[in-house]
Amino acid sequence: MEAPEFFPPPENLTAAVVHPLCEEWKGGSEGAIFHLASIFLVLGFMGGSGFYGLLYLFTFLTLGFFCTTIWSWSDPCTTDTFLWNFALFGVCAVQVVHVAYRLRNVTFEKEFQDLYSYLFKKLGVSLTHFGKIVACCEGDIHTIEKDHCFAIEGKTAIDKLSVLLSGRIRVTVNGEFLHDIYPFQFLDSPEWDSLRPSEEGVFQVTLRADNCCRYVSWRRKKLYLLFAKHRYIAKVFALVVRNDIADKLYSLNDQAFDSRGFRYDLRLPTYCHVSPLPELDRTDGFLRVPAQYDHGHRGRVPITITAPEETHK
């Protein structure tokens with residue numbers, strides 16, 4: 001039995017081989033355009049996510065495939081390399097234009113950009129969703145002059161949700177100071193959270209500007225319509241509003257003292273944290289805290305805290 005022939009005889013070798021054999025390595029390297037194209041492609045594939053990451057990615061890919069198109073055009077032996085590189089160059093160029101157009105729609109003023117970075121970016125809210133939030137307020141920024149009121153106790157209706165962008169707001173009830181509101185805090189989060197969508201109410205506190213302030217507001221009806229269309233945005237606002245209320249609650253701890261100067265923890269209003277003493281005198285029967293937030297009522301209302309009874313061993 002004859003052994004099978006795996007290779008054709010030398011005389012038929014040229015006819016059997018489809019592509020010409022490489023008889024020797026080229027003496028020099030490819031031209032500078034080829035290496036430049038490779039560098040652009042490497043940089044492009046290092047791009048990240050998001051609008052800016054996509055813009056970076058497709059910009060460098062467009063430059064890379066443009067260089068490979070020029071390089072392949074110089075090869076007279078084939079046309080498919082040129083056609084593929086030119087097609088990829090066209091696709092990446094279209095992507096650059098598309099991403100740049102989308103990026104233009106999510107570019108905001110500096111104050112809105114700061115609001116996004118401080119309040120929404122850390123929650124993973126995309127620029128597209130934030131663009132819908134900004135569109136809901138029509139991109140308007142309002143100003144309060146010094147000593148002017150944002151809300152008056154018992155008079156101003158609760159019909160919007162606002163965030164302070166700059167300045168400082170002083171909160172009082174019956175002329176008694178409660179706390180300050182600083183940039184990127186909500187002005188009316190307790191009032192907003194205390195009402196159902198179908199309910200109406202008025203402020204129980206007065207909000208006065210200590211200096212020139214700027215803020216952004218969303219009307220209740222428009223914001224609830226946005227929540228109905230985008231449940232994700234509704235969950236984000238529920239989180240940031242209630243977190244803001246918690247921050248305001250803790251800020252009141254600095255003013256929660258009894259007549260002997262002991263601090264009360266507002267999370268546990270029937271107990272006070274004091275350093276151990278040999279013997280404690282009975283404190284006042286009722287202690288007055290400047291104010292508290294009660295979600296069962298219309299916003300901020302004063303509360304009374306009862307001191308715990310002593311236990312004698």
Side-chain angles (χ1 to χ4, degrees), residues 115-116 118-125 130 133 136-137 144 149-154 156-174 176-210 213 215-221 223-224 226-227 231-256 263-271 288-305:
L115 176 64
Y116 172 75
Y118 189 90
L119 201 61
F120 294 97
K121 185 178 181 179
K122 58 186 178 182
L123 299 178
V125 178
F130 184 69
I133 295 173
C136 184
C137 70
I144 307 177
C149 291
F150 173 81
I152 299 177
E153 180 180 350
T156 306
I158 304 171
D159 59 355
K160 56 188 175 182
L161 180 65
S162 306
V163 176
L164 186 65
L165 299 178
S166 63
R168 186 178 63 187
I169 297 291
R170 184 180 181 88
V171 182
T172 60
V173 56
N174 296 325
E176 184 181 0
F177 172 75
L178 295 183
H179 60 85
D180 288 320
I181 299 177
Y182 297 98
F184 306 114
Q185 291 183 340
F186 285 91
L187 295 173
D188 43 10
S189 53
E191 288 77 13
W192 171 272
D193 201 56
S194 66
L195 295 179
R196 295 178 181 178
S198 59
E199 293 180 339
E200 296 182 357
V202 295
F203 280 80
Q204 300 299 310
V205 294
T206 298
L207 280 71
R208 185 184 301 273
D210 277 349
C213 301
Y215 69 96
V216 57
S217 289
W218 295 270
R219 291 291 176 181
R220 287 188 70 198
K221 292 183 179 180
L223 198 54
Y224 278 125
L226 180 67
F227 292 166
R231 299 299 302 169
Y232 172 73
I233 297 178
K235 293 178 181 179
V236 169
F237 265 87
L239 178 61
V240 295
V241 166
R242 290 167 186 174
N243 182 70
D244 185 80
I245 294 173
D247 291 340
K248 289 181 171 64
L249 279 171
Y250 285 122
S251 70
L252 295 178
N253 271 346
D254 293 335
Q255 305 174 55
R263 183 189 300 275
Y264 274 77
D265 191 336
L266 295 180
R267 296 170 297 178
L268 303 172
T270 58
Y271 294 94
R288 184 72 172 178
V289 175
Q292 177 59 288
Y293 301 93
D294 186 354
H295 298 300
H297 297 79
R298 298 293 188 264
R300 305 174 176 91
V301 295
I303 67 168
T304 300
I305 296 180

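Numbers for residues simply follow the sequence, beginning at 1.
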Flag, side chain of Gln185 to backbone of Leu164, donor-acceptor distance under 3.5 Å = no

Aromatic rings Phe120 and Phe237: how do their planes relate, parallel, tilted or perpendicular, breaks at 30° and 60°?
-> tilted

For Asp159, enumerate each residue passing the salt bridge (Lys or Arg N to Asp or Glu O under 4.0 Å) test, keeping only those at least two apart in sequence or located in another chain.
-> Arg219

Between Phe203 and Ala157, what is the shortest heavy-atom contact and its length?
-> CE1-O, 3.7 Å

If you take all heavy atoms of Cys149 and Thr206, which pair is closest and at what distance?
-> SG-CG2, 4.1 Å

Could I get the full list of ring pair (Phe, Tyr, Trp, His ring centres under 6.0 Å) partners for Tyr118, not counting sequence neighbours?
-> Phe184

Could you give me the CA-CA distance, side-chain angles and deciding distance for Lys160 and Asp188, then say whether salt bridge (Lys or Arg N to Asp or Glu O under 4.0 Å) is met?
-> CA-CA 8 Å; Lys160 56 188 175 182; Asp188 43 10; over 6 Å; no

Interatomic spacing from CZ in Arg170 to CG in Asp210 - rounded to 0.5 Å = 6.0 Å

Step by step, work out the side-chain contact (heavy atoms from CB on, under 4.5 Å) result for Val205 and Glu191.
-> CA-CA 10 Å; Val205 294; Glu191 288 77 13; 3.7 Å; yes

Non-hydrogen atoms of Leu165 and Pro183 that approach each other most closely | O-CB, 3.6 Å

Does the side chain of Asn174 come within less than 4.5 Å of Glu153's, by heavy atoms?
-> yes

Value rounded to 0.5 Å, distance of CG in Leu207 from CD1 in Ile181 = 4.5 Å

Can you name the closest pair of heavy atoms from Gly201 and Leu195 and give their distance?
-> N-CD1, 3.7 Å

Nearest heavy atoms of Ile158 and Arg220, plus distance in Å | O-CD, 3.3 Å

Say whether, by atom type as modelled, one donor and one acceptor occur between the side chain of Tyr116 and the main chain of Val125 under 3.5 angstrom.
-> yes

Spatial distance of atom CG (Leu115) from atom NZ (Lys121) [nearest 0.5 Å] | 13.0 Å

Any Asp244 side-chain heavy atom under 4.5 Å of Val240 side chain = no

From Asp193 atom CG to Ile245 atom CD1, the distance as rounded to the nearest 0.5 Å | 4.0 Å

Parallel, tilted or perpendicular: which describes the rings of Tyr215 and Phe150, with under 30° parallel and over 60° perpendicular?
-> perpendicular

Under 4.5 Å between any side-chain heavy atoms of Lys248 and Val171, yes or no?
-> no

Side-chain contact test, heavy atoms from C-beta onward, threshold under 4.5 Å: evaluate it for Leu119 versus Phe186 and give yes or no.
-> yes

Can you check whether Ile233 reaches Phe227 side chain to side chain, under 4.5 Å on heavy atoms?
-> yes

Nearest atoms (heavy-atom pairs only) where Cys213 meets Ile169 | SG-CD1, 3.8 Å

Go through the structure and list residues passing salt bridge (Lys or Arg N to Asp or Glu O under 4.0 Å) with Asp247, not counting sequence neighbours.
-> none

